[in-house]
Amino acid sequence: IGFGGQVNFEDALTFCRDNGIKKVLAWACSDYTEALVDRDEDSDRVTRLQDEAIALATELGMQPLLERMLAKREFLKA
């Protein structure tokens with residue numbers, strides 16, 4: 001894993017997906033969207049990661065994360 005934040009997030013996402021670690025994957029997607037938004041990067045990537053986090057949070061009953069992601073999505077639309 002490199003020192004760049006994006007590399008670390010990408011590695012974490014790949015690891016979680018490859019190993020079926022869905023709860024950690026959901027949180028990693030959420031955290032990565034925050035980093036991308038803070039750097040004002042790739043809105044399509046942000047949307048895809050938000051969608052993935054929302055789907056996982058819904059599937060796994062992770063209500064706090066689901067509420068957090070939906071609130072962020074509404075904030076970004078405003």
Side-chain angles (χ1 to χ4, degrees):
I1 296 177
F3 291 104
Q6 188 167 352
V7 173
N8 291 333
F9 275 117
E10 291 294 339
D11 288 345
L13 295 176
T14 299
F15 180 83
C16 290
R17 287 181 184 127
D18 289 350
N19 292 286
I21 308 170
K22 291 182 176 182
K23 285 187 178 183
V24 176
L25 176 58
W27 282 106
C29 287
S30 172
D31 292 344
Y32 195 8
T33 62
E34 286 183 20
L36 290 172
V37 168
D38 287 347
R39 293 189 309 224
D40 207 20
E41 289 189 27
D42 196 357
S43 63
D44 290 336
R45 179 98 170 119
V46 169
T47 300
R48 286 192 306 272
L49 287 166
Q50 284 178 333
D51 290 345
E52 186 172 5
I54 289 168
L56 287 166
T58 300
E59 173 189 341
L60 300 171
M62 299 170 71
Q63 194 63 31
L65 178 59
L66 179 60
E67 290 172 9
R68 177 180 168 181
M69 293 307 301
L70 293 174
K72 285 181 185 182
R73 177 161 279 175
E74 287 304 311
F75 175 76
L76 291 175
K77 286 181 182 177

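Note that the coordinates shown come from a computational prediction; the quantities given were computed from them, not determined experimentally. Worth knowing before you read on, the calculation uses all heavy atoms, side chains too, and leaves out hydrogens, waters and symmetry mates.
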Cluster check L65, L56: I/L/V/M/F/W/Y, side chain < 4.5 angstrom: no

Take R68 and D31, measure what salt bridge (charged side-chain N to carboxylate O under 4.0 Å, His left out) needs, and give me the verdict at the end. CA-CA 11 Å; R68 177 180 168 181; D31 292 344; 3.5 Å; yes

Heavy-atom pair of closest approach, residues Q50 and M69: CG-CE, 3.5 Å

Using the rule side-chain contact (heavy atoms from CB on, under 4.5 Å), only one of D18, V24, L25 pairs with L13; which is it? L25

Exceeds 12 heavy-atom contacts within 6.0 angstrom, atom CG of N19: yes

Hydrophobic clusters here meaning ILVMFWY residues chained together by side-chain heavy-atom distances under 4.5 Å, can you tell me if L60 and I21 are in one? no

Would you mind reporting whether L66 and Q63 have side-chain heavy atoms less than 4.5 Å apart? yes

Just verifying a value: how many Å separate E59 CD and K22 NZ, rounded to the nearest 0.5 Å? 3.5 Å

Among T47, D51, T33, which residue satisfies the side chain to side chain donor-acceptor pair (under 3.5 Å) criterion with R73? D51

To the nearest 0.5 Å, how far apart are CD in E34 and SG in C29? 12.0 Å

Would you say F9 and W27 are hydrophobically clustered, going by side-chain heavy atoms of ILVMFWY under 4.5 Å? no

